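Step one of this worksheet: look at the structure below.
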Amino acid sequence: MKSGKKYLEKVRNIGIIAHIDAGKTTVTERILYYTGRSYKMGEVHDGTAVMDWMEQEQERGITITSAVTTCMWKGHEIHIIDTPGHVDFTIEVERALRVLDGAIGVFCAVGGVEPQSETVWHQADKYRVPKIAFVNKMDRVGADFFGVVEQIRTKLGANPLPLQIPVGSESDFRGVIDLVTMKLVTWDDESLGAHYEVNDVPAEMEEDALQHREQLIESLCELDDNLMEKYLENGDLETSDMYPAIRALTLDLKGVPVLCGAALRNKGIQPLLDAITRYLPSPLDVEAISGLNPKTGKMETREASEREPLAALAFKIFMDKGRKLTYLRIYSGVLETGKVVYNANKQINEKLARIFQMHANKRERITKAVAGNIVATLGLKKTTTGDTLCDPEKPIILEPMEFYKPVISVAIEPKTRNDQEKIDESLRKLAEEDPTFSYREDEETGQTIISGMGELHLEIIVNRLIRDFNVNVNVGKPQVVYRETIQKPVEVEQVFEKEIGGSVNYGRVRIRLEPLPRGEGVGFESLVEPEEIPQEFIDAIEKAVMDAFHTGGSMGYPVVDVLATLLEAESREGQPSELAFQVAASMAVQKACELGEPVLLEPIMSVEVIVPDEFLGDIIGDLNSRQGKVEEITAKKSIQVVRASVPLSKMFGYSTSLRSASQGRATFTMQFSHYDTANGK
């Protein structure tokens, strides 16, 4: 493994991000072919794409899991992560962007800036990732390069810098004019685009090209005063002036270079590779990573150098044939096989068994990796997504990753006893892999409830349970678990007297139940002094009351927001009994719940919807139809953030409805808020 400053200058860690069907994976396949990393072009539509190697991806023609690969271009080492475009797998994009230095946003020349494009673009903005835009599918009917450039400006709030203009469009698309060098680039179909020619711009196209070049120069000069001076002095700019200016604006997030092509027709990829190496950052160009020293409590930084102490972030876990692969981005220092590393989050030492450079699902064993590398490892048993691995002597905790909360659940149950034995271990492995997936056993229904980001997400989880883990399950729907409470104070006296095992058990209690404000839970107080009856009997009564609340009141649902007060407790001499007090207390709670005007409570969810302006009315109308209460609407540029409270029972299927109502452009998060009266009763 190479190392040193000169090596790092030539490293690019990039991600390919886009809306589903924009052509991300096809672009990646062409990059691998033209860089010599693969010798045959894989196609998404026939299930042969190198990066879409999972069976589920090949069958559906979509990317589900982010795949990592490495290729070389003109002396540069490019590490690429191809990310999913489907909203259900946004976590894959999120964790990729967390560890990448640059990104390529792929846009369909017909569809333009589509919903998930907006989501992933804003995710990249959150992590301050410099970007290049590639307008793909220029050969499609309805392709509109300049329309997409305008959408990048208006919908994404970015500053596009078109470095090329297309020559021809739709079926006549045959090449591009490079506005920086003023050269025409065309591709040879017979060589599958591997050979391309660079010629002077034909006379009939020159005027149009010069006009667009002038616009590019104006955009650059507006953002760079030094460039403006040179331009005013000479009346034009040299290529050698424009390249560093475009790079500086890209790295400062002030501009986005825009290129175009047709990946499926093998056009436009080599200039894109040139742009990756020319404009996107090396590990040396990005800000030094910072983190918390757990010993001192102070923030520290780590430069991208092998001379610095080790700092690496685990950004992805994948179970490969039962073995746990941990993907790491190394920010500083050196990682070596057989060496002990310190997991600062878990405060444990881990030993690296093997290190791999990945090419999708294929591995190349290496003995060490250095700052700037993205690798996979075996042997890290306790490390999970978001953990920092570092030098045991120089601990650091890097900023953790944010994970979306699951928003949809289904109930599953194993088909056979053999499946029952395997299901917990299989679900544990899947949850370790995917932080947006969770599972639990509902004690009240006995069902296993699995939760995720959407219906497709859970469909894939169930599919993997069956195929990868050989666990067969029936899939149903989860039940909403209600609660109950009372609406008025009530006092009840109960006596338990019974001969058991030859001795009489006697206990009398008088208990008051009174309603508490929503969200207060349940409580117990005793006005009986220990001198009247021993403390252990008071403790037994409290336990019986709490158990009675948990097992259910008059309607059979757990009781919440009620305070129980023990007013009196009496036993007879020679007949004291914990059992008698417990039974009497339980009976008292049951009777009090019946007399206290019981009411059913349902879980209310706190829902946040992020929606473009034009769909706001429809989204609010839909929330109102679900008995939701809109609490706040906040404007952020061209989007609105709607916060509302909605009954959980009305939120099933919301993910699908939201996509339909907003053309897929709105996203939402949902979490439990509180219990409230069901159906407004």
Side-chain angles (χ1 to χ4, degrees), residues 16-31 33-34 41 43-45 49 82 85 103-114 116-117 121 131-156 158 160-199 201-202 204-205 208-209 211-213 215-216 256-276 279:
I16 300 188
I17 60 175
H19 184 88
I20 194 167
D21 285 338
K24 295 179 314 314
T25 302
T26 305
V27 169
T28 311
E29 293 297 320
R30 297 316 184 259
I31 287 174
Y33 181 72
Y34 298 134
M41 288 185 193
E43 302 294 359
V44 174
H45 55 263
D82 177 29
I104 302 167
V106 178
F107 301 93
C108 172
V110 181
V113 176
E114 296 170 282
Q116 186 67 357
S117 310
W121 194 272
K131 296 169 285 291
I132 290 173
F134 182 74
V135 181
N136 192 28
K137 303 191 178 183
M138 284 301 304
D139 58 321
R140 290 271 296 275
V141 175
D144 181 4
F145 175 73
F146 297 107
V148 178
V149 170
E150 188 54 32
Q151 285 185 19
I152 291 171
R153 187 189 316 281
T154 55
K155 286 190 174 182
L156 301 178
L161 303 171
L163 306 187
Q164 302 172 340
I165 57 170
V167 176
S169 67
E170 301 183 353
S171 59
D172 294 329
F173 175 72
R174 61 186 187 279
V176 300
I177 292 175
D178 186 321
L179 299 177
V180 180
T181 61
M182 281 300 287
K183 294 291 184 182
L184 170 68
V185 187
T186 53
W187 281 265
D188 170 24
D189 288 334
E190 287 184 17
S191 68
L192 296 176
H195 299 301
Y196 58 100
E197 291 185 9
V198 179
N199 296 300
V201 177
E204 69 271 18
M205 300 179 188
D208 188 39
Q211 187 181 337
H212 285 292
R213 187 174 195 272
Q215 290 172 1
L216 171 63
V256 177
V258 185
L259 296 87
C260 62
L264 194 61
R265 299 288 169 260
N266 312 312
K267 294 175 171 65
I269 301 302
Q270 292 91 341
L272 176 62
L273 281 161
D274 289 338
I276 289 168
Y279 306 126

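It should be emphasised that the depicted structure is a prediction, and the values quoted were computed from it without experimental measurement.
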Atom of [X], atom of [Y] and distance for their closest heavy-atom approach:
X	Y	value
Ala209	Val201	CB-CG1, 4.4 Å
Lys155	Val113	NZ-O, 3.5 Å
Val148	Ala109	CG2-O, 3.7 Å
Met138	Cys260	CG-CB, 4.0 Å
Phe107	Gly112	CD2-O, 4.0 Å
Gly268	Phe134	O-CE1, 3.6 Å

Candidate pair Asn266 and Tyr196, rule side-chain contact (heavy atoms from CB on, under 4.5 Å), full reasoning: CA-CA 10 Å; Asn266 312 312; Tyr196 58 100; over 6 Å; no
Glu197, CD atom: more than 12 neighbouring heavy atoms under 6.0 Å: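 It does not: Glu197 CD has 12 such atoms or fewer within range.
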Return the [atom1] to [atom2] distance between [X] and [Y], rounded to the nearest 0.5 Å.
X	Y	atom1	atom2	value
Ile177	Ile165	CD1	CD1	4.5 Å
Arg30	Leu264	CZ	CG	5.5 Å
Tyr34	Leu272	OH	CG	11.5 Å
Leu216	Leu179	CG	CG	6.0 Å
Leu259	Tyr279	CG	OH	7.5 Å
Ile276	Ile31	CD1	CD1	4.5 Å

What residues, two or more places apart in sequence or in another chain, satisfy side chain to side chain contact (heavy atoms under 4.5 Å, CB included) together with [X]?
X	value
Ala103	Ile17, Leu97, Val129, Lys131
Pro160	Val149, Ile152, Arg153, Val258
Asp189	Lys267
Val256	Trp121, Ala133, Ala158

Step-by-step side-chain contact (heavy atoms from CB on, under 4.5 Å) determination, Val106 to Ile16: CA-CA 7 Å; Val106 178; Ile16 300 188; 3.7 Å; yes
Those residues that, when tested against His212, pass ring-ring contact (aromatic ring centres under 6.0 Å, His included) (two or more places apart):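 Only Phe146 meet the ring-ring contact (aromatic ring centres under 6.0 Å, His included) criterion with His212.
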Pro166 vs Phe173 side-chain heavy atoms within contact, under 4.5 Å: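 Answer yes - side chains close enough.
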Residues that Asp274 engages under salt bridge (Lys or Arg N to Asp or Glu O under 4.0 Å), provided they are two or more places apart: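 Asp274 satisfies salt bridge (Lys or Arg N to Asp or Glu O under 4.0 Å) with Lys74 once adjacent residues are dropped.
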Contacts of Asp139 that satisfy salt bridge (Lys or Arg N to Asp or Glu O under 4.0 Å) - sequence neighbours left out: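 Applying salt bridge (Lys or Arg N to Asp or Glu O under 4.0 Å) to Asp139 gives Arg265.
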Counterpart residues, side-chain hydrogen bond (donor to acceptor under 3.5 Å, both in side chains), relative to Gln164 (two or more places apart):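 Partners of Gln164 under the side-chain hydrogen bond (donor to acceptor under 3.5 Å, both in side chains) test: none.
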Inter- and intrachain pairs under salt bridge (charged side-chain N to carboxylate O under 4.0 Å, His left out), touching residues 169-187, at least two apart: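 Those involving residues 169-187 are Lys183-Asp200.
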